[in-house]
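Note sheet for the following structure.
The chains referred to below are lettered A, B, ... by the order of the sequence lines, with proteins before strands, and numbering in each begins at 1. Computed from a predicted structure; not experimentally measured.
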Amino acid sequence: MELFVQSMAYPFLACLILTGIHVYLGIHVIERKVIFVDLALATIAALGAVWGALLGWDAHQDVLVIKGFSLLFTFVGAAVFSLTRMRHERVPHEAIIGITYAVALAAIILGSAKLPHGAEEVRDMQAGSILWVTGKTIGWTAVLYSAIGVFHFVFRRQFFAISMDPDRAEAEGLKVRFWDFLFYVSFGFVVTSSVSIAGVLLVFSYLVIPSVVAVLFAERVGVRLVLGWTVGTLVSATGVVLSYYGDLPSGPVIVVCFGLFLALAGMLHFVLHAPQRGRAVLRVVGIVVLSLAFLRTTLFFRRSEEIDLGHILEAGTSSEKIIALGKVRAEPERWDDVSEQIQRMLAEDGIEIRLNILSLIGDQDREEFLDPVLALLEDPDDVVREKALKCVRELDRPESADAVFAAAQQEQDDYLKVELAETLLEFGDVRGVPLLLDVMDAGEAELARQDALEHLQAHVDLDLPFQADAAPAAHATEVQAYRDWWQEHGADVELHRGVDGVPQD
Amino acid sequence: MKPLPSFVKALVRSLPTAALVCLTVPARALEPQPPRPDPGGAQLKLVTTLGVLADLTRQVGGQWVQVDALARANQDPHYVEPTPVLMQRVRDADALVEVGLDLELWAEKVAAGSGNTRVQPGQPGRVIASKGVVALELPEVLSREWGDVHPYGNPHVWLDPLNARIIAGNIATVLADLDPEHASDYEANLAAFEKRIDESLFGAELVAKVGGKQLGRLAKSGRLQEYLEHRELTDLLGGWIAKAAPLKGRPVVTYHKTFIYLADRFGFHVPVEIEEKPGIPPSARHRNEVLELIQKQGVRTILEPPYYDRAAADYLSERSGARVVVAGIDVGETVGVKDYFDMIDQLLDALVRSETAAD
């Protein structure tokens with residue numbers, strides 16, 4: 001509980017601040033029937049920020065300049081909205097607001113196509129980040145919103161007059177356009193800062209939903225305000241708790257809670273105002289049951305979890321294939337179903353798949369794959385060759401010796417050549433010795449020559465003056481002499497079971 | 001109606017300026033193209049998705065190629081808007097080079113819209129640079145969820161210099177196929193690049209003694225340290241790996257799973273990412289877990305590329321004292337990184353500085 005308070009206190013405070021101002025503004029917005037005005041203004045503000053960024057200001061370093069651009073654009077938007085509110089409207093105001101929203105959003109997309117981080121910022125603007133709000137931001141926002149609140153309280157007569165009944169306000173001598181402009185400017189201030197805290201979705205919900213609930217149940221402004229604030233606070237608290245304990249993103253949870261709350265409120269309103277309460281209750285219950293039944297029915301269409309391993313190994317993505325291989329590892333009886341696919345994958349598939357199969361074959365000793373594994377000893381990729389050799393050693397079949405020898409003759413990498421020779425010697429195949437001698441007098445790196453020497457010493461009693469750190473050809477004569485001796489007597493030499501010089505993984 | 005005329009007048013008066021700004025801004029936002037040397041039209045024209053691929057192509061292609069990157073270096077490589085201009089730039093390319101592993105899904109749209117048959121999927125001119133790279137972050141064992149991973153593994157493969165070596169090799173193969181006349185040049189350039197990578201990574205002395213490929217294999221399988229101790233070569237270790245010694249075992253928090261290849265090569269680890277899933281804001285519980293983990297493990301650095309939202313990193317930094325380090329993961333003027341080596345240098349410098357700075 002303590003952790004909950006500690007971690008959710010700021011987001012909850014932010015929600016309360018949002019509730020405070022937006023419920024009030026929402027009542028105006030609903031009276032004016034301009035539901036989407038906040039979306040439009042928020043988009044215009046974001047357009048301002050994009051414009052500022054296009055002019056070269058940085059969104060992180062020049063925060064104030066960018067904010068200035070946002071506000072400037074918002075004021076222009078406010079001017080447009082107050083000028084386009086017509087008395088005997090031919091074009092509904094909402095249409096103009098919607099058009100502004102669409103055009104501004106399109107302009108943002110155009111502008112952000114020219115910005116490095118445009119797409120991300122547009123995304124962040126939609127989703128918001130109420131979880132990351134800091135105490136400082138909350139403080140500043142509270143001060144700003146209080147100032148705007150006081151401003152609206154002082155001029156409440158004018159503001160409510162122009163929202164509720166503009167005709168009468170005009171007749172009484174109010175400058176409706178001027179007050180409209182002030183309304184939209186203050187509204188723009190609020191929306192711009194709210195969106196930067198909470199994102200467009202959440203701000204829209206705070207503005208509209210509590211007010212709609214309030215309008216459903218009350219006529220007087222004071223009552224509506226109290227009702228809206230109560231709803232906002234309750235839903236914020238529910239959303240914050242649910243998001244914390246349900247491990248869900250806060251913003252979207254609050255929005256969905258608002259939606260559910262509105263549905264409940266709507267049903268309650270329907271029942272309270274119905275001529276016959278009993279029938280109304282039955283209808284509501286019927287609708288709820290039907291909706292639940294609908295949801296339940298959709299569950300029958302859940303995608304089945306039956307897995308066709310062969311198909312996945314043929315057509316799946318890398319991670320699906322690896323998961324499928326994990327299933328084969330856990331249930332060895334599945335090998336028979338998939339051995340054809342595995343042969344093909346070993347030859348053709350992506351490197352991580354091939355490495356995975358190689359360790360699977362080695363671990364489970366699937367000797368039926370010996371041939372395709374031996375083929376990989378001549379793969380172009382040195383990591384694959386190394387892993388294939390490890391697998392060959394794990395399978396430990398002496399009949400691999402010819403293939404290992406062929407691969408060793410081809411091998412360009414000195415270290416891998418040493419390992420191939422070592423494998424031969426472990427099989428008791430003396431052809432490994434000349435291979436090691438090859439590396440000793442022609443190996444490029446000092447350590448490779450050293451490696452070859454140590455492997456040789458581990459398997460035969462060697463009396464050969466050889467310094468790996470000397471130039472590669474320094475011991476050519478001695479090595480050649482040993483090579484000649486080996487040619488004659490090698491077949492009779494009894495090999496020691498060697499100790500591997502290089503640590504293996 | 002009084003304020004209307006003056007408002008309109010002001011608007012009209014500002015129109016010429018506005019028009020001018022409209023014309024100049026897009027021109028400014030497009031990066032200036034460096035002048036290209038033209039040795040008689042014999043060059044291959046390649047287009048890459050990222051600046052880093054362009055740089056690797058330049059290193060391998062040398063004078064025989066002209067290369068152009070589609071994404072800007074400070075842009076999220078996952079999200080680039082496939083505009084007609086980008087399609088135009090691919091139209092007459094001999095090849096389109098992409099990382100693959102589902103990193104640049106937008107490249108598909110650009111290629112399709114370009115009308116260039118040579119760069120369509122499956123053509124030799126469509127180069128998947130990450131071929132042969134061992135992708136990380138694939139599920140190791142049977143997991144409950146099928147969807148919760150990158151379908152082809154984590155795509156930010158180029159941040160491991162050993163993978164850059166493989167990528168350069170893939171590019172060299174393609175160049176030799178497209179332009180067999182200069183194949184030997186490409187091969188020589190590749191060898192020089194591989195040597196430079198090996199020496200930058202392990203130090204020239206150690207490379208001379210052990211050989212780059214062997215060191216690479218040892219490093220990839222995590223046996224390098226053990227091997228060097230066994231052979232008593234530890235003192236010879238130089239280059240980036242020696243420079244990154246202070247990072248060894250350190251936890252570094254990142255926003256997205258961008259840096260796991262860098263972490264894997266240089267010995268630090270990423271215990272947690274700030275984002276839970278790409279594009280979805282993290283829940284409070286996840287945020288708390290990240291913060292708690294930062295405090296408990298003593299994380300000093302939160303590392304992120306320049307294109308992520310700073311709010312989360314700043315929040316965590318403010319509460320934990322960990323430093324936010326913003327470092328580019330691509331090559332290009334916009335991030336002040338001139339080539340691949342410079343990029344790794346800058347990343348390591350920033351990380352080491354943050355990890356070793358006195359608090």
Side-chain angles (χ1 to χ4, degrees), chain A residues 3 7-8 11 54-56 60 79 83 113-121 123-124 127-129 131-132 134 177-178 240 243-244 246-252 317-320 322-323 326-327 329-330 350-352 355 381-383 386 413-415 444-448 450 502-505, chain B residues 1 3-4 7 21 25-26 28-30 72 74-76 79 81 83 132-135 138-143 146 149-153 208-211 213-214 217 220-223 226-227 230-231 233 279-288 306-312 314-315 318 334:
Chain A
L3 191 64
S7 68
M8 297 311 279
L54 277 176
L55 296 181
H60 294 302
L83 287 176
K114 298 280 171 225
L115 286 176
H117 322 314
E120 295 80 46
E121 307 230 323
R123 219 172 39 210
D124 290 340
S129 50
L131 210 51
W132 309 107
T134 57
R177 280 199 201 286
F178 173 72
V240 164
S243 99
Y244 184 79
D247 199 16
L248 295 162
S250 306
T317 65
S318 312
S319 58
E320 286 170 345
I322 285 182
I323 292 168
K327 210 155 179 73
R329 183 186 285 271
I351 182 165
E352 53 284 288
L355 296 179
D381 191 299
D382 58 328
V383 174
E386 189 184 35
D413 190 290
D414 296 329
Y415 292 92
E444 210 175 309
E446 174 193 329
L447 264 293
Q450 178 73 26
V502 180
Q504 289 292 318
D505 55 347
Chain B
M1 286 306 273
L4 183 60
F7 173 73
V21 172
V25 162
R28 255 187 46 180
L30 281 177
R72 285 181 294 273
N74 55 357
Q75 200 167 15
D76 187 343
Y79 305 102
E81 193 74 20
T83 60
V133 167
V134 178
L138 283 165
E140 303 222 322
V141 280
L142 196 63
S143 104
W146 283 80
V149 279
H150 281 115
Y152 296 97
K209 218 162 173 100
V210 181
K213 275 216 146 173
Q214 169 77 349
R217 278 195 301 271
K220 279 182 197 167
S221 55
R223 289 176 291 157
E226 198 185 338
Y227 177 85
H230 174 74
R231 293 289 187 191
L233 293 169
I280 296 175
S283 69
R285 180 176 300 183
H286 181 70
R287 181 199 64 182
N288 290 355
Y307 44 79
Y308 286 119
D309 187 17
R310 278 286 295 268
D314 286 340
Y315 174 97
E318 199 178 291
T334 42

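- Top candidate by heavy-atom pairs under 4.5 Å with chain A, chosen from B:Lys213, B:Arg217, B:His286, B:Glu318, is B:Arg217.
- The closest side-chain heavy-atom distance from B:Arg287 to A:Pro11 is below 4.5 Å.
- With a 4.5 angstrom heavy-atom cutoff, A:Ile351 touches chain B only via side-chain atoms.
- Taking A:Val240, A:Val383, A:Asp413 one by one and counting their heavy-atom pairs under 4.5 Å with chain B, the maximum is reached by A:Asp413.
- Side-chain contact between A:Thr134 and B:Asp314 is absent, with no heavy-atom pair separated by less than 4.5 Å.
- For a residue to count as touching a neighbouring chain, one of its non-hydrogen atoms must lie under 4.5 Å from one of that chain's; by this rule A:Asp382 touches chain B with backbone and side chain alike.
- The CD atom of B:Gln214 sits 12.5 Å away from atom CD of A:Glu444, with the distance rounded to the nearest 0.5 Å.
- Using a distance-only test at 3.5 Å, with no hydrogens or angles considered, a donor-acceptor pair links the side chain of A:Tyr415 to the main chain of B:Val210.
- Nearest heavy-atom pair across A:Ala445 and B:Gly211 is CB-N, 3.9 Å.
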